[in-house]
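The block underneath contains the structure these notes are about, expressed in structure tokens.
Computed from a prediction, not measured in an experiment: that's the story for all the values here. What's counted below: heavy atoms across the whole structure, side chains too, no hydrogens, waters or symmetry copies.
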Amino acid sequence: MAKKKQRLRIDRLILCMLLIGVFFFMADCVWRYYKERTHKYASMSIQVKILQGSVSDKDSVSQSVAGKNNNDYNSFTEIEIDNSQVFEGELLEINNQKPYVSQERPPTVNLINYRNDYYTLINDMDPVILNTEAAEALNNMMEDYYKSTGQSNFLIYGTTETYTGEGSYCPYAFPESATGNTIDVAVNVGSDVLTYDGLDVEKWIVENCYKYGYIVRFPENKADKTGFTYCPWHLRYVGKVHSAVMHELGCCFEEYLDLLDEYNYNRPLCYSMNGIMYYIYTEKSAGQTTKVCVPAQNQYSISGDNTDSFVITSIRC
């Protein structure tokens, strides 16, 4: 009889242990699922949370990137945008499937006349056209590169036209170069010019370009999203706010546009930079014109995505 009771106790103990194991397994699965759903683009260095409540509670936000319900985002007005503008702006996704169709381009400069002394061009005869804002950012970046490294060895050889002829340092021609927001770079080494590999002292550009509004358009380990392997020599200007968010979240351009689809006027993505709070949200185009809510007094910008959405970037003082 004693042996039977002992066997029953052992059976119950084993059953209890199995139940506990199943419980912890299910709890772990739920936790992993929730963690992935919390934000699929969170990097190891930042945990992004979707925060509830009023935007006026921003003092309680410990992260610099967050999504919030826009309960007190007042002083807004509604404007109508012609849907042709979905093909205009700095955040156009352009590839072989989504060609550049815009007939207009923001103000541009010829780098032959505009560049500073901290980088060179492939030659001083053929025009090297770049959007004015992107050109100013390029000059600032190259000057700071010189101040940090003592080097001025970068060569710009592609902007609106990617040089892909004989002896090219760029194996690809990218259709997005037509926007005037991209640059291809190489490195001067004595009397030779080398393809930029993103290594050594020149790695400074890869690591710091986001501070000036540039991104490495085709970063490492993102070929499944971008369609290209690592191309450190091809940089794309998107503006300081967007490049900073992408850097902090560790996402590529395609992932960033997918991410922005989750945010709208009522629930914007909030990003704090240099003491300024930025609200970023999207509005799907509809019909011939689209109604978009924008600040009545504060600054804002609107960019199309080259498909079906407008990205609004506004400042909240």
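Annotation: the span from S303 atom OG to I280 atom CD1 amounts to 11.5 Å, rounded to 0.5 Å. Considering OH of Y281 and CG of N264, their distance stands at 10.0 Å, rounded to 0.5 Å. Note that NE2 of H247 and CD1 of I215 are 12.5 Å apart. Values are rounded to the nearest 0.5 Å.
The main-chain N or O of Y210 is found under 3.5 Å from a side-chain atom of S243 such that the two form a donor-acceptor pair. D305 places no side-chain N or O within 3.5 Å of a backbone atom of L92 that could act as its donor or acceptor partner. Of the possible donor and acceptor atoms, one in the side chain of D82 sits under 3.5 Å from a partner among the backbone N and O of S84. Judged by distance alone, with hydrogens and angles left aside, the side-chain atoms of N131 form a donor-acceptor pair with the main-chain N or O of T179 at under 3.5 Å. Under the 3.5 Å distance criterion, the side-chain polar atoms of N306 are matched with a main-chain donor or acceptor of E93. Distance alone, capped at 3.5 Å, is enough to place a donor-acceptor pair between the T132 side chain and the P107 backbone. Proximity of a side-chain donor or acceptor of S285 to a complementary backbone N or O of N83 within less than 3.5 Å is not detected.
For the residue pair S177 / T182, a side-chain donor-acceptor distance below 3.5 Å is found, with atom types taken as modelled. E283 and Y265 form no side-chain donor-acceptor contact under 3.5 Å, judged by distance and modelled atom types alone. For the 3.5 Å distance criterion, the side chains of Y145 and N153 qualify, holding a donor opposite an acceptor. Side-chain atoms of N123 and Y157 form no donor-acceptor pair, as typed in the model, at a separation below 3.5 Å. No side-chain donor-acceptor contact under 3.5 Å links T226 and E254.
In this structure, R217 is not positioned above the aromatic face of F174 in the sense of NZ or CZ being under 6.0 Å from the six-membered ring centre and within 45° of the axis.
The hydrophobic clustering, which links ILVMFWY residues whose side-chain heavy atoms are closer than 4.5 Å, places V189 and V201 together. Cluster annotation: V187 and L138 are assigned to the same hydrophobic cluster (Ile/Leu/Val/Met/Phe/Trp/Tyr, side-chain heavy-atom contacts under 4.5 Å, transitive). In the hydrophobic clustering of this structure, I129 does not group with I156; members are Ile, Leu, Val, Met, Phe, Trp, Tyr whose side-chain heavy atoms approach within less than 4.5 Å, directly or through other members. With hydrophobic clusters built from ILVMFWY side chains whose heavy atoms lie under 4.5 angstrom apart, M125 does not share a cluster with V193. Under a hydrophobic-cluster definition in which Ile, Leu, Val, Met, Phe, Trp and Tyr are linked whenever side-chain heavy atoms come within less than 4.5 Å, directly or via other members, V311 and I94 are assigned to different clusters.
A 6.0 Å sphere centred on CD of E78 holds more than 12 heavy atoms belonging to other residues, nucleotides or ligands. A 6.0 Å sphere centred on CD of Q288 holds no more than 12 heavy atoms belonging to other residues, nucleotides or ligands. A 6.0 Å sphere centred on NZ of K203 holds no more than 12 heavy atoms belonging to other residues, nucleotides or ligands. Other residues, nucleotides and ligands place no more than 12 heavy atoms under 6.0 Å from the CG atom of D117. In Y146, the OH atom is not crowded: 12 or fewer heavy atoms of neighbouring residues, nucleotides or ligands sit closer than 6.0 Å.
Under the 4.5 Å side-chain criterion, counting only non-hydrogen atoms from C-beta, Y278 is not in contact with V245. No side-chain heavy atom of N139 sits less than 4.5 Å from a side-chain heavy atom of E136. By the 4.5 Å heavy-atom criterion applied to side chains, Q85 and I302 are not counted as neighbours. Counting heavy atoms from C-beta on, the side chains of I205 and Y196 come closer than 4.5 Å. Counting heavy atoms from C-beta on, the side chains of C251 and Y256 come closer than 4.5 Å. By the 4.5 Å heavy-atom criterion applied to side chains, F218 and R236 are not counted as neighbours. F76 has its side chain within reach of P295: a pair of non-hydrogen atoms, C-beta onward, lies under 4.5 Å apart. Between T108 and T160 there is no side-chain heavy-atom pair separated by less than 4.5 Å.
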(message) side chain to side chain contact (heavy atoms under 4.5 Å, CB included), that's the test. Do D308 and K284 meet it? Break it down for me.
(response) CA-CA 6 Å; D308 61 358; K284 291 290 185 183; 3.5 Å; yes
(request) Evaluate the side chain to side chain contact (heavy atoms under 4.5 Å, CB included) criterion for residues V238 and M246: first the C-alpha distance (whole Å), next the side-chain angles of each, then the deciding distance (0.1 Å), finally the verdict. (result) CA-CA 10 Å; V238 295; M246 278 185 262; 3.7 Å; yes
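Taking the six-membered ring for Trp and thresholds of 30 and 60 degrees, Y214 and Y237 have ring planes more than 60 degrees apart, a perpendicular arrangement.
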